[in-house]
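Notes to accompany the following structure.
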Amino acid sequence: MTSKKVKAVDIMTKEVHSVYVDTPISEVAKVLTEQKISGLPVLSRQGEVIGIVSEGDLLYKDREVKYPSYIALLGGFIYLESPKRFEEEFRKITALRAEEIMTKEVITIEEDTLVQDMAAIMTEQRINRLPVVRQGKLVGIVTRADIIKALTEEA
């Protein structure tokens, strides 16, 4: 198999561990730990990928809230840092369910996506895994390790 012909369907893990939007954070952590994986797709009850929860997301649970710096001027406030970033961090710190801590901007791929395209997406977007979907439903997942393995086997 050459990388020009290797597709997601050829290298993806078909038995994907995933959680639903209402899965408690404790259960998410348990699945990650027991399965020795670093991230999970979050599914709607209809089976659509709507988020990703990673170990990094769970690390927010142990952080202290850092309020955005601001300057009071003429009765108003000028924020020196993004209040939106604070809101996102606060949401993750106080999360109880997967949907409250997940990353919502999920990039998915189709089964026929070529390995070089997957590698480009992962490096450009700085992500470690790509859920594979068929008609919007989760059918597999490709990780950086899968791509490296495919490229190594080719060489």
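Residue indices begin at 1 and follow the sequence shown.
- Salt bridge R45/D22: present, at least one basic N to carboxylate O contact under 4.0 Å.
- Atom CD of Q135 has 12 or fewer neighbouring heavy atoms from other residues, nucleotides or ligands inside a 6.0 Å radius.
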Check the pair V106, K104 against side-chain contact (heavy atoms from CB on, under 4.5 Å), reporting the backbone distance first and the verdict last.
CA-CA 6 Å; V106 182; K104 295 177 183 173; over 6 Å; no
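- Around atom NZ of K30, no more than 12 heavy atoms belonging to other residues, nucleotides or ligands sit under 6.0 Å away.
- Annotation: side chain of L138 is in contact with side chain of V16 (closest heavy-atom distance under 4.5 Å).
- No donor-acceptor pair closer than 3.5 Å links the side chain of Q125 to the backbone N or O of I121.
- Proximity of M12 to E111: side-chain heavy atoms (C-beta onward) are separated by under 4.5 Å at one or more points.
- In this structure, the side chains of M102 and V19 stay at 4.5 Å or more apart for every pair of heavy atoms.
- Summarising the geometry of I147 relative to A119, their closest heavy-atom pair is CD1-N, 3.8 Å, with the distance given to 0.1 Å.
- The shortest distance between side-chain heavy atoms of V139 and V133 does not fall below 4.5 Å.
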Could you please spell out the steps behind the side-chain contact (heavy atoms from CB on, under 4.5 Å) verdict for V42 and I52?
CA-CA 5 Å; V42 179; I52 292 278; 5.8 Å; no
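- A donor-acceptor contact shorter than 3.5 Å links the side chain of K137 to the backbone of Q46.
- Side chains of V9 and D112 form no contact here, defined as non-hydrogen atoms less than 4.5 Å apart.
- Separation of atoms CE (M118) and CD1 (I107) is listed at 14.0 Å; rounding is to 0.5 Å.
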